Amino acid sequence: MAESEHASRIDDLANRFWESILELSPTTATVYGDERYDDRLDDPGPEGRAKARALMIRTLTEIDALTAFASDVEEQITLDMLRVVCELGIEQDDQRIDRLRVVDQISGPQTLLSQVIQFQRTDTPERVDRLVARLHAYPRFMAANVELLREGLASGMTAARIVTERTIAQLNRILQIPPEQSPIVALARVGAADKERLATIARDVIYPADAAFLEA
């Protein structure tokens, strides 16, 4: 096989890997300006973790098949970086780091919507509809995180006490904010009518999911 064909295969592997990452993490895609998955949230449950692990294993197999054919430094760096990301992802899955990360006042699941909404475009009715669909996916997302909490408790692998206490305090503050003043409403760049729509969703969909997470 010609060197150019190998280079093309290495580029193709990197591109396919990145496309899969964006699909597995829709909120990452939104942050990077890719709107294809703006109606979805990440899946922290067993199915989502299994898909991510399978991607890492599959990619490592392809890396092994191509490493000997990397013809220049750039191609070798591409393969090395892919390998590091995949090996780290598998190691974190083995160690079940997700059971620790689920409780975090800085980047825990209760912070996700207020972060991603700052990047999600809502300047057309279709884009607003995608945001609404994403918000309606929040209870299932948080239910999966509740299961992670329970797994952590059962295994004895939990966040540190100080982190847990700060996260509880943060959730209490979030739930005390009137729905019409929630970050979801305040940060969304939409008109008055859509802000009312989002406030209703915050009250009926988001807050109950956060309350269930707080209780867990």
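Worth saying up front: this structure is predicted, and the values here are computed from it rather than measured.
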Asp80-Gln76 side chain donor-acceptor pair, cut-off 3.5 Å
yes

Is it possible for you to say whether Leu153 and Leu214 belong to one hydrophobic cluster, with membership spreading through side-chain heavy-atom contacts below 4.5 Å?
no

Would you call Arg166 and Asp104 a salt bridge, taking side-chain N to carboxylate O under 4.0 Å as the test?
no

Closest approach of Asp42 to Ser25 (non-hydrogen atoms, all atoms of both residues)
OD2-OG, 3.0 Å

Donor-acceptor pair, Gln92 side chain versus Ile97 backbone, under 3.5 Å?
no

Side chains of Ser71 and Glu75 only: does a donor on one sit below 3.5 Å from an acceptor on the other?
yes

In this structure, CG of Leu41 is separated from CE of Met142 (nearest 0.5 Å) by 10.5 Å

Does Arg16 CZ have over 12 foreign heavy atoms under 6.0 Å away?
yes

Can you tell whether the side chains of Asp98 and Arg96 come within less than 4.0 Å, N to carboxylate O?
yes

Check whether Leu100 and Val163 end up in the same hydrophobic cluster, where Ile, Leu, Val, Met, Phe, Trp and Tyr are linked by side-chain heavy atoms less than 4.5 Å apart.
no

Between Ile174 and Leu198, is there a shared hydrophobic cluster once you connect ILVMFWY residues whose side-chain heavy atoms come closer than 4.5 Å?
no

So that I can tick it off, tell me whether Asp93 and Arg53 are bridged by a salt bridge, with the cut-off set at under 4.0 angstrom between side-chain N and carboxylate O.
yes

Are Glu180 and Lys195 within salt-bridge range, i.e. N to O under 4.0 Å?
no

Is there a side-chain contact (heavy atoms from CB on, under 4.5 Å) between Ile63 and Leu60? Walk through the geometry before answering.
CA-CA 5 Å; Ile63 291 169; Leu60 283 174; 4.2 Å; yes

Is Glu19 salt-bridged to Arg36, going by a charged N under 4.0 Å from an acidic O?
yes

So, the side chain of Ser114 versus the backbone of Thr111: is there a donor-acceptor pair under 3.5 Å, distance only?
yes

Pairwise distance CG(Asp34) to CD(Glu23) - rounded to 0.5 angstrom:
10.5 Å

Could Arg130 and Glu126 be called an ion pair, given the rule that one side-chain N must be under 4.0 Å from one carboxylate O?
no

Distance-only, no hydrogens or angles: does the Asp43 side chain make a donor-acceptor pair with backbone N or O of Gly48 under 3.5 Å?
yes

Quick one: pull up CG in Leu79 and CZ in Phe69 and give me the separation to the nearest 0.5 Å.
11.5 Å

ILVMFWY cluster, Val146 and Ile168 together (side-chain gap under 4.5 Å)
yes

Taking Thr28's backbone N and O only, do any of them form a donor-acceptor pair with Tyr37's side chain (distance below 3.5 Å, no angle check)?
no

Would you please say whether a donor-acceptor pair under 3.5 Å links the side chains of Arg134 and Thr27?
no

Mind listing the closest non-hydrogen atom pair of Gln110 and Tyr138 along with its distance?
CA-OH, 3.7 Å

Side-chain donor or acceptor of Arg49 paired with backbone N/O of Pro44 under 3.5 Å:
yes

Count the heavy atoms belonging to other residues, nucleotides or ligands that lie under 6.0 Å from CE of Met81, then report whether that count exceeds 12.
no

Decide side-chain contact (heavy atoms from CB on, under 4.5 Å) for Asp123 and Arg127; before the verdict, give the C-alpha distance in whole Å, the side-chain angles of both, and the deciding distance to 0.1 Å.
CA-CA 7 Å; Asp123 54 347; Arg127 285 175 170 142; 2.7 Å; yes

Hey, any chance Tyr32 and Leu82 share a hydrophobic cluster, counting ILVMFWY side chains that come within less than 4.5 Å of each other, even indirectly?
yes

Report yes if the side chains of Glu35 and Thr30 come closer than 4.5 Å at any heavy-atom pair, otherwise no.
no

Enter the distance from Ser155:OG to Arg150:CZ here, rounded to the nearest 0.5 Å.
14.0 Å

OG1 (Thr158) and CD (Glu151) are apart, to the nearest 0.5 Å, by 13.5 Å

Return yes if some donor-acceptor pair links the side-chain N/O of Ser182 with the main-chain N/O of Pro178 below 3.5 Å, else return no.
no

